[in-house]
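Can you read through this structure? Questions will come right after.
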Amino acid sequence: MLKDFKPVLSILLRFIVIYLVLLLGYQFYLNVSKEGGLDPFSRMIANQVASVQNTTGFPTLLYDDVKNEQVWFYVKKNYVTRMVEGCNAVSVMILFLAFVFAFYKGAKTYIFALAGLILLYIMNLLRIIGLNIIMVDHAEYGKMFHDFIFPAVIYGTVVVLWLIWIKFFALKNENS
């Protein structure tokens, strides 16, 4: 009976191991960079968001709050949002990678993973930019977009990428 479940258990075990290794590696990175306030990856995203907003008519300045490990977005003379470590979508990217690599299929796994990470990175930048713009012009919708709409878009993107990975790459030729 266990032989019937061996492929599923193997994939599940790979997923768990990859997820834990990536998660522990990320936690190590956060612990190492804790002294400088917001971690460098999140700070890079905040700088890119500010740059895009500045070029699209939303003058933006960043203010560091090192003690609280956050950066505030000052848009059109208002503090509208703050960037904290959780805003960088790394946890979503780790989840995406663990799933894709659980169904490892050679070199195409790396190519698909890289393309997926780039897409998720861009989606996250657009999410933060969108939230800042909503908070400047329509703050009454900010909570709904932050808590429901934008997470649905990011996680929905991950699910669509997983489905593409499974249907067109991981299980291709196995059902033939």
Handout entry: Residue of the set D137, V52, N132, V49 for which side-chain contact (heavy atoms from CB on, under 4.5 Å) holds with F58
Key = D137
Practice task
Can you establish whether the number of heavy atoms outside E35 located under 6.0 Å from its atom CD is more than 12?
Solution key: no
Practice task
Would you indicate whether the side-chain heavy atoms of R127 and C87 approach each other to under 4.5 Å?
Solution key: yes
Problem - Audit row: Y63, Q70, side chain to side chain donor-acceptor pair (under 3.5 Å) steps and yes/no - result: CA-CA 9 Å; Y63 288 100; Q70 61 189 0; over 6 Å; no
Handout entry: Mutual orientation of the aromatic rings belonging to Y104 and Y110 [parallel < 30°, tilted 30-60°, perpendicular > 60°]
Key = perpendicular
Practice task
Can you establish whether the number of heavy atoms outside K108 located under 6.0 Å from its atom NZ is more than 12?
Solution key: yes
Handout entry: Parallel, tilted or perpendicular, as decided by the 30° and 60° cut-offs, for the rings of F15 and Y19
Key = parallel
Exercise for the section: Kindly state each residue pair satisfying side chain to side chain donor-acceptor pair (under 3.5 Å) with at least one member in residues 39-49, sequence neighbours excluded. Expected result: Y29-D39, D39-S42, S42-N88, R43-D64, Q48-Y121
Exercise for the section: Find out whether Y74 and N78 are in side-chain contact, i.e. whether some heavy atom of one side chain is under 4.5 Å from a heavy atom of the other. Expected result: no
Exercise for the section: Could you tell me which residues satisfy ring-ring contact (aromatic ring centres under 6.0 Å, His included) with F169, sequence neighbours excluded, listed by chain and number? Expected result: F112, W165
Exercise for the section: Taking atom NZ of K76 as the centre, report whether more than 12 heavy atoms of other residues, nucleotides or ligands fall under 6.0 Å from it. Expected result: yes
Completion exercise
So CG of L61 and NZ of K77: to nearest 0.5 Å the spacing works out to 10.5 Å
Exercise for the section: Tell me who clusters with L13, hydrophobic residues only, linked when side chains sit under 4.5 Å apart either directly or through other members. Expected result: V17, V21
